[in-house]
Amino acid sequence: GQNIDQPTEMTATEGAIVQINCTYQTSGFNGLFWYQQHAGEAPTFLSYNVLDGLEEKGRFSSFLSRSKGYSYLLLKELQMKDSASYLCAVSEVSGGSYIPTFGRGTSLIVHP
Amino acid sequence: DTEVTQTPKHLVMGMTNKKSLKCEQHMGHRAMYWYKQKAKKPPELMFVYSYEKLSINESVPSRFSPECPNSSLLNLHLHALQPEDSALYLCASSHAPGLAGGDTQYFGPGTRLTVL
């Protein structure tokens, strides 16, 4: 099973850069996902990492180190609309099935 | 079409009622999921269907009964629920379980359930 840890809340200023960390412990690792969830809405996919390194997608980047059980989501040029919960989710293969588990989420507040 | 749809959007039911939540996707995905999410908490996995067969039941009480009539549809039948079951119920789908990069989940908008 997984033990996923991420900060509960972070605040940042519009236009700045913020890094949201996620640590995990698992076996049968099959990738790590980041999702964004605005209040009252469904999670939306941001990024996927299965190999070590950095994946960049516009203003968002995600990094993975499998040996350290560590990932981060980097958000650049923050906008007010980036205020949301950011969920780290670890995928673990067990018995031929995919078992996704979400961390508790990091609530990001972007202020002017 | 990259959309997962869920009906109804909102549902209020009494503890003696029987109701069903519905989920549909037309992306050819072969894995479908039900999650329960309470306010300010992460989604909790309830059930996983893989190729229309129930592959994971996360010790969910029997008052929740999933059904997968075909590869595009997923239902959640509700009976004799408790007020603490009030939550946002999310459906998700993915291409296939266990494939690297293949199990990115696409979520529906959810059904906001209130049990009185």
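Within every chain, numbering begins at 1; the chains are lettered A, B, ... in the order of the sequence lines, protein sequences first and strands thereafter.
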What one should report as the nearest heavy-atom pair of L90(B) and Q37(A) is CD1-NE2, 4.4 Å
More than 12 heavy atoms of other groups within 6.0 Å of H10(B) NE2:
no
Honestly, the part of E44(B) sitting under 4.5 Å from a heavy atom of chain A is neither
Tell me, yes or no, whether the heavy-atom count around E14(A) atom CD, taken from other residues, nucleotides or ligands under 6.0 Å, exceeds 12. yes
_K18(B) atom NZ, neighbour heavy-atom count above 12 within 6.0 Å_ = no
Separation between OG1 (T8(A)) and NZ (K40(B)), nearest 0.5 Å, reads 11.5 Å
From the list A39(B), G108(B), P43(B), the residue making the most non-hydrogen contacts under 4.5 Å with chain A is P43(B)
d(Y48(A) OH, T104(B) OG1) to nearest 0.5 Å is 7.0 Å
Most contact-rich option vs chain B, by heavy-atom pairs under 4.5 angstrom, among P43(A), G105(A), S107(A), is P43(A)
- Do you reckon I56(B) sits in the same ILVMFWY cluster as M32(B), going by side-chain contacts under 4.5 Å, direct or chained? no
Aromatic ring pairing F102(A)/F107(B), orientation class (parallel under 30°, perpendicular over 60°, tilted between) = perpendicular
Checklist entry - Is there a donor-acceptor pair under 3.5 Å between the side chain of Y35(A) and the backbone N or O of Q105(B)? => result yes
Q: Could you state whether L21(B) and L116(B) fall into the same hydrophobic cluster, counting links through intermediate Ile, Leu, Val, Met, Phe, Trp or Tyr residues with side-chain heavy atoms under 4.5 angstrom apart?
A: no
Quick check: is L88(B) connected to F47(B) through a chain of hydrophobic side chains (ILVMFWY, heavy atoms under 4.5 Å apart)? no
For R104(A) and P42(B), the nearest pair of non-hydrogen atoms, with its separation, is CA-CG, 3.5 Å
The reported gap from OG in S94(B) to CZ in F45(A) (rounded to nearest 0.5 angstrom) is 11.5 Å
Is there a path of hydrophobic side-chain contacts, each under 4.5 Å between heavy atoms of I/L/V/M/F/W/Y residues, joining L74(A) to L51(A)? no
